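So you know, we letter chains A, B, ... as the sequences are listed, proteins then strands, and number each from 1. Basis for what follows: all heavy atoms, side chains included, without hydrogens, waters or symmetry-related copies. A quick note: this is a predicted structure, and the numbers were derived from the prediction, not measured.
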There are 2 protein chains.
Amino acid sequence: MANSKLYKGSLNTIILKLLEEQGKMYGYEITQKVKVLTKGELSITEGALYPALHKLEAEGLLDVEVAKVDNRLRKYYKLTEAGEKETVNRLAELEEFIRSMQQLVNPNWSIN
Amino acid sequence: MANSKLYKGSLNTIILKLLEEQGKMYGYEITQKVKVLTKGELSITEGALYPALHKLEAEGLLDVEVAKVDNRLRKYYKLTEAGEKETVNRLAELEEFIRSMQQLVNPNWSIN
DNA sequence: AAACATACCTAAAAAACTTATGCATAAGAA
DNA sequence: TTCTTATGCATAAGTTTTTTAGGTATGTTT
């Protein structure tokens with residue numbers, strides 16, 4: 001991600017969460033989705049994304065399905081069963097982290 | 001930090017924010033304060049903290065003042081003027097990041 | 001035709017940690 | 001009184017995760 005140096009370590013969780021929501025997505029689609037959702041605040045670089053996808057696949061958390069659309073290659077990724085379970089855990093961790101950070105940087109934020 | 005791998009890139013901001021609040025702190029004190037504030041969720045490792053403090057000092061954002069308490073050395077750090085300005089910027093960035101992450105991982109969280 | 005968007009990829013370097021040590025003093029427990 | 005834990009500093013080696021900087025190729029817009 002270009003602008004913010006603060007997201008480190010959460011890229012994998014972001015990927016997993018988006019796949020949980022969307023069912024299946026391909027790499028380029030993920031970069032665009034994140035831009036829209038964060039109003040341009042976060043930009044995933046491809047140099048970070050593709051290796052991350054490959055690693056998650058190697059870990060058995062993602063499955064791939066290749067498709068050809070308009071003569072262009074697309075690699076759709078979706079969660080495996082193990083991936084679904086892992087996503088739940090990582091989201092819980094991320095939420096805890098966010099709450100902790102809120103306590104640190106701005107205890108006045110209301111949290112629910 | 002031991003338990004959560006998600007905080008990367010935010011350590012410097014945490015340090016700056018705590019110093020803004022507390023006026024001056026020494027390294028060990030920072031590690032303990034973070035543990036308390038986050039209820040043990042985040043643990044800053046000394047291997048991360050001390051190099052970070054030295055770097056912030058080298059960048060002119062922190063001043064050091066050495067003290068001896070109970071025959072033990074303490075290095076108190078406090079924000080320089082440049083440090084105070086930088087802290088404002090980094091906190092704004094961090095808050096934006098947190099809001100973005102909330103949008104990604106849980107759009108139902110209420111934010112203010 | 002050139003530029004931009006879509007779509008994949010990797011390698012080298014930098015950044016930011018963890019882990020493992022080391023040193024020293026004070027306090028508490030066995 | 002010795003052992004362990006807490007306080008307090010520090011650095012070096014290794015790992016992880018990213019950025020930067022390329023590369024390839026097709027489709028679309030100007």
**OP:** Not counting sequence neighbours, list each pair that qualifies as a ring pair (Phe, Tyr, Trp, His ring centres under 6.0 Å) and has a residue in residues 51-71 of chain A.
**Re:**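 As it turns out, there is no ring pair (Phe, Tyr, Trp, His ring centres under 6.0 Å) pair with a partner in residues 51-71 of chain A once direct neighbours are skipped.
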
Find the distance [X]:[atom1] to [N]:[atom2] and express it as a whole number of Å.
{"X": "A:Tyr28", "N": "D:dA25", "atom1": "OH", "atom2": "C1'", "value": "14 Å"}
{"X": "A:Leu73", "N": "C:dC9", "atom1": "CG", "atom2": "C1'", "value": "11 Å"}
{"X": "B:Tyr26", "N": "D:dT7", "atom1": "OH", "atom2": "C1'", "value": "8 Å"}
{"X": "A:Lys75", "N": "C:dC9", "atom1": "NZ", "atom2": "C1'", "value": "9 Å"}
{"X": "A:Ile14", "N": "D:dT18", "atom1": "CD1", "atom2": "C1'", "value": "13 Å"}
{"X": "A:Arg74", "N": "C:dT6", "atom1": "CZ", "atom2": "P", "value": "10 Å"}
{"X": "A:Ile44", "N": "D:dT19", "atom1": "CD1", "atom2": "P", "value": "9 Å"}
{"X": "A:Glu57", "N": "C:dC8", "atom1": "CD", "atom2": "C1'", "value": "14 Å"}

**OP:** Taking only the side-chain heavy atoms of A:Tyr77 (C-beta and beyond), determine which of C:dA7, D:dA6, C:dC9 contains the nearest atom.
**Re:** C:dC9

Original post:
Between D:dT7, D:dT17, C:dT18, which nucleotide gets closest to the side-chain atoms of B:Gln32?
Top reply: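 Of D:dT7, D:dT17, C:dT18, D:dT7 is nearest to the side chain of B:Gln32.
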
Original post:
Of all residues at least two apart in sequence or in a different chain, which pass the salt bridge (charged side-chain N to carboxylate O under 4.0 Å, His left out) check with B:Glu57?
Top reply: none

**OP:** For B:Glu20, enumerate each residue passing the salt bridge (charged side-chain N to carboxylate O under 4.0 Å, His left out) test, keeping only those at least two apart in sequence or located in another chain.
**Re:** B:Lys17

Original post:
What nucleic acid atoms does A:Lys68 come within less than 4.0 Å of, heavy atoms only: base, sugar-phosphate, or nothing?
Top reply: nothing

Subject >> Residues which pass side-chain hydrogen bond (donor to acceptor under 3.5 Å, both in side chains) with B:Tyr26, listed by chain and number, not counting sequence neighbours >> reply: B:Arg74

Subject >> Results of side chain to side chain contact (heavy atoms under 4.5 Å, CB included) for A:Asp63 - residues two or more places apart only >> reply: A:Lys78, A:Thr80

Original post:
What residues, two or more places apart in sequence or in another chain, satisfy side chain to side chain contact (heavy atoms under 4.5 Å, CB included) together with A:Lys35?
Top reply: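 If we apply the side chain to side chain contact (heavy atoms under 4.5 Å, CB included) test to A:Lys35, skipping adjacent residues, the hits are A:Gln32, A:Ser43.
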
Are any protein N/O atoms closer than 3.5 Å to N/O atoms in nucleotides 11-14 of chain C? If there are, list each pair with its distance.
none

Subject >> ILVMFWY clustering at 4.5 Å (side-chain atoms), partners of B:Val69 >> reply: none

Filtered N/O pairs between nucleotides 22-25 of chain C and protein, under 3.5 Å:
| unit_1 | atom_1 | unit_2 | atom_2 | d |
| --- | --- | --- | --- | --- |
| C:dT25 | O3' | B:Asn71 | ND2 | 3.4 |
| C:dT25 | O2 | B:Arg72 | NE | 3.2 |

Original post:
Quick one: do A:Leu61 and A:Val88 end up in the same hydrophobic cluster if we chain Ile, Leu, Val, Met, Phe, Trp and Tyr together by side-chain heavy atoms under 4.5 Å apart?
Top reply: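 Unlinked, A:Leu61 and A:Val88 end up in two clusters.
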
Subject >> Spacing of CG belonging to B:Leu53 relative to CE belonging to B:Met25, to within rounding of 0.5 Å >> reply: 10.5 Å

